[in-house]
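Taking it in order: structure first as structure tokens, then the write-up.
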Amino acid sequence: MIHNVCSTTDRVVRVVVGLALLSLWFVLPGAAAYLSLVGLVPIATAAIGYCPISQFLGLSTCTMKEIHT
């Protein structure tokens, strides 16, 4: 599987943003609270290590390791 979310900092930021969005569940009134479930997306991308939007934009926090022969 392709990984493009490898940096620990990137994963932590995604989890924090996801939790912040999920916390809106308790603030938004009525049916608008369901919009906070969008916070599951950054948490899932941090857990899986793959983000389709980053892939589309050509972004990656993974570093290439040089092979010494």
Side-chain angles (χ1 to χ4, degrees):
M1 178 176 205
I2 299 172
H3 292 278
N4 60 5
V5 180
C6 298
S7 166
T8 303
T9 305
D10 189 11
R11 287 180 183 234
V12 169
V13 168
R14 287 174 187 265
V15 169
V16 168
V17 168
L19 291 174
L21 288 171
L22 284 175
S23 70
L24 292 175
W25 177 268
F26 302 104
V27 178
L28 295 174
Y34 288 103
L35 291 174
S36 68
L37 295 178
V38 171
L40 293 174
V41 174
I43 293 172
T45 59
I48 295 170
Y50 175 73
C51 178
I53 294 173
S54 295
Q55 180 76 26
F56 177 73
L57 295 175
L59 303 173
S60 177
T61 58
C62 299
T63 59
M64 297 292 289
K65 294 183 180 179
E66 294 181 5
I67 299 174
H68 299 287
T69 56

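Just so you know, these numbers use all the heavy atoms, side chains as well, and skip hydrogens, waters and symmetry mates.
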OG1 of Thr61 to CZ of Arg11: how many Å apart, nearest 0.5 Å?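 The distance works out to 8.0 Å.
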
Test your reading of the model: is there a side-chain donor-acceptor pair from Ser54 to the backbone of Ser60, 3.5 Å cut-off?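 Checked: no pair found.
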
Hydrophobic cluster partners of [X] (side-chain heavy atoms under 4.5 Å):
| X | value |
| --- | --- |
| Leu22 | Val15, Leu19, Trp25, Phe26, Tyr34, Leu37, Leu40, Ile43 |
| Leu59 | Ile53, Phe56, Leu57 |
| Leu21 | Val13, Val17, Leu24, Leu28 |

Listed by chain and number, what are the salt bridge (Lys or Arg N to Asp or Glu O under 4.0 Å) partners of Arg14, not counting sequence neighbours?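 Residues passing salt bridge (Lys or Arg N to Asp or Glu O under 4.0 Å) with Arg14: Asp10.
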
Evaluation steps, side chain to side chain contact (heavy atoms under 4.5 Å, CB included), between Thr45 and Tyr50: CA-CA 5 Å; Thr45 59; Tyr50 175 73; over 6 Å; no

Least distance between heavy atoms, Gly18 atom then Pro42 atom: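 For Gly18 and Pro42, the tightest heavy-atom pair comes out as CA-CG, 3.7 Å.
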
Pairs flagged by salt bridge (charged side-chain N to carboxylate O under 4.0 Å, His left out) wherever residues 30-48 is involved - sequence neighbours left out: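 For residues 30-48, and leaving out neighbouring residues, there are no salt bridge (charged side-chain N to carboxylate O under 4.0 Å, His left out) pairs at all.
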
